[in-house]
2 protein chains.
Amino acid sequence: MSDLKARILGEVAAELSSIEAALKENLNPWAELAGEVAGHLLFSGGKRLRPLLMILAARACGSDRQDLARYSVLFEYLHAATLIHDDLVDEAVMRRGKPAAHGVYGAPEAVLTGDFILARCLTLTAETRNFAIIDEICGITEAMSQGEIQQLYNKGRMDLTEAEYLDVIERKTAVLLKGACVTGAHLAGQPDEVVDALGRYGWHIGMAFQMADDLLDYTADLASLGKEPGADLREGKLTLPVIYALSKASNGEKERMEAIMADPDFTVEAFSELVSLLTELDGIGYTERCAHDHVGLAKDALAGLPHSREKELLLLVGDYSLGRKS
Amino acid sequence: MSDLKARILGEVAAELSSIEAALKENLNPWAELAGEVAGHLLFSGGKRLRPLLMILAARACGSDRQDLARYSVLFEYLHAATLIHDDLVDEAVMRRGKPAAHGVYGAPEAVLTGDFILARCLTLTAETRNFAIIDEICGITEAMSQGEIQQLYNKGRMDLTEAEYLDVIERKTAVLLKGACVTGAHLAGQPDEVVDALGRYGWHIGMAFQMADDLLDYTADLASLGKEPGADLREGKLTLPVIYALSKASNGEKERMEAIMADPDFTVEAFSELVSLLTELDGIGYTERCAHDHVGLAKDALAGLPHSREKELLLLVGDYSLGRKS
């Protein structure tokens, strides 16, 4: 674990423990199987980044509400619901170092449990009795489902543009992190300009996180990633490192890259060769710089907030998103 | 088509045409593929029973609101979202006389489009700006997902009880028809006792409809049903005609029924033999009587409403639910 990650985790131990408790308390399954399948993913050690951001955003806006942990878990439920469906859609084998839910319990169980966890998210959302928050969550569920559908449609397309890639990662990732921060500000009763500032922070952090995630698919190993590296490629999913490298490649390099990517059973050697090309053609470097720029803009968005422990933590989360190994 | 169905359809032509228009207007896909897959199911001639019930309920309560069709389609979206996921879960081949969506577009597309249509339902729900309606829809999504999970868990269980069966059909069907009627009453600004009365009507109609549906699986043919008869049995899904017949069967009859049901590739002859047993052992008759009783209770629930065209239509829908052929 990086020093930065350890430092953040130490600082937010109390928040994380309140989130874990709230995740268990609010699941409330009537059907035993629903609780079991949901628990498989929910209690296998995720980062809890989204609920944490919501709580930190509310506290950084000065809220001393005692019910923040309860509402914060709606973001973990929403995240888990989409992960379960996406792993099924992508035929992913591993998630968080464990076999994916559809592999353990079956595809039907995974579909319906995703629906159930989403339903729990919606009930918690309604309980906030805040229309701005309800609208935010509705918008997120629409955006995420369509982002995933578009990503599915884009699979195998070698001509995917950077703009199309950005459209998809905004919908599938950034809107949810933005929503968590916006909701924190709403729960703290903040005016529009503060809500917008927190929203900008969350959106840029989301873009940076997804770019860092997409980089890890080329730079991490199985043990630290908790799933197989090269998975995006195997699914025909082009991400920024590849899109940028293809745009800078000579005809020969382009042909070689496309030949490697056309074979879903590529060898370790072919994958290494591709990673070398991504590095040489600056696909890795460009993606790192884009993520870095987003983190800068995320931090800038918080400039108007008064100094607080939670504001410092939000700034550290930005740094962490760039340096993480998993 | 039965005379009763033709009569009802003639009477509600204006409502049905406003529902069709609203279904198209409110789908709003950003991702083209989402609109295409959603349209495959949504515009293939469903009965539109749920939106129709919402509109009739509101009008029977005296509402002259002009936005009823718009909100009514949230119930068709919710219904369609669950149908798409359920057909996938059940590996159903046909739906409404057409190949099921997952067969045409693929399982991933079906999962994500179900999520998208549900998201559209949620946005429309939030737009009512009525917390009673929002709570109702949240409760329905929870109940439906868990009802389907429980049904999945119950598959192949020969010892399923009537109480367990009723639990599942309440969750997977009755709560949605109840929700449509309750929402109509809320949109008409009615007090609790009227909302409850419409809710009782919808709940009993829902129970009767599901029982009639389960009967059709043994008594209808492919052409009128739009999907294969015997499908429940092939999936190991025990419904009331079978549960009741098993409870009345001799040891020999029970063994014979279980032997037929144990083979998912049963022949036409074996299926006919089973239907004969269900008839002789009163499984068919008992289910018809239960459905009939629910319709009676549904009608009773409307006793306090003043006379109106829409109240008459709600009463007719009750009669229709018993006599329908598809």
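Within every chain, numbering begins at 1; the chains are lettered A, B, ... in the order of the sequence lines, protein sequences first and strands thereafter.
With a 4.5 Å cut-off on non-hydrogen atoms, Asp90(B) does not touch chain A at all. With a 4.5 Å cut-off on non-hydrogen atoms, Ile117(A) does not touch chain B at all. Of the two parts of Ile149(B), the backbone and the side chain both hold a non-hydrogen atom closer than 4.5 Å to a non-hydrogen atom of chain A.
Below 4.5 Å, heavy atoms of chain A meet no heavy atom from residues 173-184 of chain B.
Pairing each heavy atom of Gln146(B) with each of Ala34(A), the nearest pair is OE1-CB, 4.0 Å. In terms of heavy-atom proximity, Asn130(A) sits nearest to Phe131(B) at N-CZ, 4.2 Å. Closest approach of Leu112(A) and Ser145(B) over heavy atoms only: O-CB, 4.0 Å. Residues Thr123(B) and Cys138(A) come closest through the heavy atom pair OG1-CB, 3.6 Å.
Looking at heavy atoms from C-beta onward, Trp30(A) lies in side-chain contact with Arg171(B) at the 4.5 angstrom threshold.
Counting non-hydrogen atoms of neighbouring residues, nucleotides and ligands closer than 6.0 angstrom, the CD atom of Glu91(B) reaches no more than 12 such neighbours. Counting non-hydrogen atoms of other residues, nucleotides and ligands closer than 6.0 Å to CD of Glu235(B) gives a total above 12. Phe266(B) CZ: more than 12 foreign heavy atoms inside a 6.0 Å radius.
Among Val111(A), Thr82(A), Asp115(A), the single residue meeting the side chain to side chain contact (heavy atoms under 4.5 Å, CB included) criterion with Asp115(B) is Asp115(A).
Taking Asn28(B), Thr113(B), Thr125(B), Leu122(B) one by one and counting their heavy-atom pairs under 4.5 Å with chain A, the maximum is reached by Leu122(B). If you tally non-hydrogen atom pairs under 4.5 Å between each of Thr141(B), Ile140(B), Leu152(B), Ile137(B) and chain A, the highest count goes to Leu152(B). Note: Ala119(B) leads Ala119(B), Ala110(B), Gly106(B) in heavy-atom pairs under 4.5 Å with chain A. When the candidates Met144(B), Arg129(B), Glu148(B), Glu127(B) are compared by the number of heavy-atom contacts under 4.5 Å with chain A, Arg129(B) comes out ahead. Contact tally against chain B (heavy-atom pairs below 4.5 Å) for Ile134(A), Asp86(A), Asp135(A), Leu88(A): the top residue is Asp135(A).
The backbone N or O of Ala31(A) lies less than 3.5 Å from no partner atom in the side chain of Gln150(B), so there is not a single donor-acceptor pair.
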